[in-house]
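Note that the structure is a prediction, hence the values are computed from the model and not measured. Order of listing sets the numbers, starting from 1, for every ligand and every atom in it. Heavy-atom basis, side chains included; hydrogens, waters and symmetry copies ignored. Position 1 is the first residue of the sequence; numbering continues from there.
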Amino acid sequence: MVRSKRIAILVSGTGSNARILIDRFRQHPEDGVEVVLLISNKATAGALTMAAERDLPTLVVQRAEWKEGQELLRALDAYDIDLIVLAGFLWLIPAYLVHAYPNKIVNIHPALLPKYGGKGMYGRHVHEAVRAAGEVESGITIHYVNENYDEGSIIYQAAVRLDPEDTAEVIADRVLRLEHGNYWRVVRGL
Ligand SMILES: Nc1nc2c(c(=O)[nH]1)N[C@@H](CN(C=O)c1ccc(C(=O)N[C@@H](CCC(=O)O)C(=O)O)cc1)CN2
Ligand SMILES: NCC(=O)N[C@@H]1O[C@H](COP(=O)([O-])[O-])[C@@H](O)[C@H]1O
């Protein structure tokens, strides 16, 4: 009997991507993937409520323990995590975690990297920059996480055409739909 791939998801906000990942893999056990832990850096994150509604174990990390790392590493080890999936997580993953999980941490970025990435490039800031630049397309990038923001090896990208009148909010919605349709499948294939 092949053991399922055990995933921890890191989220800072609403968690719509996390919800889709959790629900997809619960509805399709044949995928051989199981989300076993959700971690947030925000005690008020909507994702924590979503996880509780699904009886999914959660952990809230404070800045001090995030920097120190021992408690987080112990938790990830206790849950026997194979893959760490970032889904709207807004803190920098420290070197100790990158080194503890080499090529085992992935992220989804709401733009076509290497453009529109790096410090400050998260959430609506990304889509506002894309709009301001008059881009004719945007999209998603799923990549491995290294020690810097948005510089890890790219695993998958998908693009969406933009209309000149599209606002940053419209772009955000179009990109989020791409995320929802693709992240679970890319994670399944890792
Ligand atoms: N080591 C890495 N850590 C993280 C990565 C990564 O690629 N390597 N990806 C980010 C996710 N992300 C873009 O996809 C991203 C998230 C947040 C920021 C950012 O500028 N954050 C602010 C703090 C915001 C807050 O605390 O509310 C900052 O650092 O000043 C940039 C990119 C997750 N971690
Ligand atoms: N640079 C990181 C970043 O901007 N991540 C973005 O945060 C959103 C989280 O939404 P969700 O909480 O509904 O999944 C997603 O659009 C994700 O790409």
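- Residue R177 qualifies as open at atom CZ: its count of foreign heavy atoms under 6.0 Å is 12 or below.
- With hydrogens left out, the protein atom closest to atom 33 (C) of ligand 1 is F89 O, 3.2 Å, a heavy atom.
- Judged by distance alone, the side chain of S12 and the main-chain N or O of L90 form a donor-acceptor pair under 3.5 Å.
- Atom 10 (O) of ligand 2 has N17 ND2, 4.2 Å as its closest protein atom, hydrogens excluded (heavy atom only).
- Listed by number with element, the atoms of ligand 1 under 4.0 angstrom from any heavy atom of W91 are 4 (C), 26 (O), 33 (C), 34 (N).
- Residue H109 approaches ligand 2 through these ligand atoms, each under 4.0 Å from one of its heavy atoms: 1 (N).
- Numbered from 1 in the order shown, with element, the atoms of ligand 2 that lie under 4.0 Å from a heavy atom of G123 read 3 (C), 4 (O).
- Taking a cut-off of under 4.0 Å to the non-hydrogen atoms of N146, the atoms of ligand 1 that pass are 1 (N), 2 (C), 8 (N).
- Proximity of E179 to ligand 2, defined as any heavy-atom pair under 4.0 Å, is confined to the side chain (atoms from C-beta onward).
- The closest side-chain heavy-atom distance from V33 to L83 is not below 4.5 Å.
- For ligand 2 and Y122, the ligand atoms under 4.0 Å from any heavy atom of the residue are 1 (N), 4 (O).
- Between V11 and F89, the closest side-chain pair of non-hydrogen atoms is not below 4.5 Å.
- With a 4.0 Å heavy-atom cut-off, ligand 1 is reached by the backbone of N148 but not by any atom from C-beta on.
- At distances below 3.5 Å, at least one donor-acceptor pair connects side-chain atoms of W66 with backbone N or O atoms of L92.
- Using 4.0 Å as the threshold, G152 has no heavy atom nearer than that to any atom of ligand 1.
- Close contacts of ligand 1 with E147, meaning ligand atoms under 4.0 Å from a residue heavy atom, involve 1 (N).
- Contacts with ligand 1 closer than 4.0 Å are made by side-chain heavy atoms of Y122 only, the backbone lying farther away.
- Which of G15, G117, G13, A47 comes nearest to atom 12 (O) of ligand 2 through a heavy atom is settled by distance: it is G15.
- Numbered from 1 in the order shown, with element, the atoms of ligand 1 that lie under 4.0 Å from a heavy atom of K119 read 20 (O), 28 (C), 29 (O), 30 (O).
- Residues K5 and L190 are in side-chain contact: their nearest non-hydrogen atoms beyond the backbone lie under 4.5 Å apart.
- Remark: ligand 1 atoms within the under-4.0 Å shell around heavy atoms of H143 are 7 (O).
- In terms of N/O distances under 3.5 Å, ligand 2 is approached by M121.
- Between L112 and E135 the shortest side-chain heavy-atom distance does not fall below 4.5 Å.
- Looking at H109, its side chain does come within 3.5 Å of a backbone N or O of Y116 through a donor-acceptor pair.
- T141 places a side-chain N or O within 3.5 Å of a backbone atom of A111 that can act as its donor or acceptor partner.
- At a threshold of 4.5 Å between side-chain heavy atoms, the hydrophobic network of Ile, Leu, Val, Met, Phe, Trp and Tyr places V98 and W91 in one connected group.
- Contacts between M121 and ligand 1 below 4.0 angstrom, taking non-hydrogen atoms only, involve the backbone exclusively.
- Side-chain atoms of N41 never come within 3.5 Å of backbone atoms of V61 as a donor-acceptor pair (strictly under, hydrogens ignored).
- Applying the side chain to side chain donor-acceptor pair (under 3.5 Å) test between D166 and each of R131, R174, H127 identifies R174 as the sole match.
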Test salt bridge (Lys or Arg N to Asp or Glu O under 4.0 Å) applied to D31 and R188, step by step
CA-CA 7 Å; D31 286 350; R188 179 183 65 179; 3.5 Å; yes
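- Residue L92 touches ligand 1 through backbone and side chain together, judged by heavy-atom distances below 4.0 Å.
- At least one donor-acceptor pair under 3.5 Å links the side chain of E68 to the backbone N or O of Q70.
- Put simply, the side chain of Y156 reaches to within 4.5 Å of the side chain of I140, judged on heavy atoms.
- Nearest protein heavy-atom contact of atom 5 (C) of ligand 1 is Y149 CD2, 3.6 Å.
- Counting heavy atoms from C-beta outward, I22 and I9 have side chains that approach closer than 4.5 Å.
- For ligand 2, the atoms sitting less than 4.0 Å from at least one non-hydrogen atom of G88 are 5 (N), 7 (O), 9 (C), numbered in the order shown with element in parentheses.
- Close approach of ligand 2 to P110 (heavy-atom distance below 4.0 Å) involves ligand atoms 3 (C), 4 (O), 5 (N), 18 (O).
- Two residues are said to be in side-chain contact when any heavy atoms from C-beta on lie closer than 4.5 Å; V106 and Y183 meet this criterion.
- Nearest protein neighbour of atom 13 (O) of ligand 2, counting heavy atoms only, is S16 OG, 2.5 Å.
- Protein heavy atom closest to atom 17 (C) of ligand 1, with residue, atom name and distance, is L90 O, 3.5 Å.
- Distances below 4.0 Å separate heavy atoms of G120 from the following atoms of ligand 1: 19 (C), 20 (O).
- Listed by atom number, the atoms of ligand 1 under 4.0 Å from V145 heavy atoms are 1 (N), 2 (C), 6 (C), 8 (N).
- Heavy-atom distances between I108 and ligand 2 reach below 4.0 Å in at least one pair.
- Atoms of ligand 1 lying under 4.0 Å from at least one heavy atom of I93, given by number and element, are 1 (N), 2 (C), 3 (N), 4 (C), 34 (N).
- The part of N107 lying near ligand 1 is the side chain, judged by heavy-atom distances below 4.0 Å.
- Contact analysis puts G118 in contact with ligand 1, with a non-hydrogen atom separation below 4.0 angstrom.
- With respect to atom 12 (N) of ligand 1, the closest heavy atom belonging to the protein is D150 OD1, 3.9 Å.
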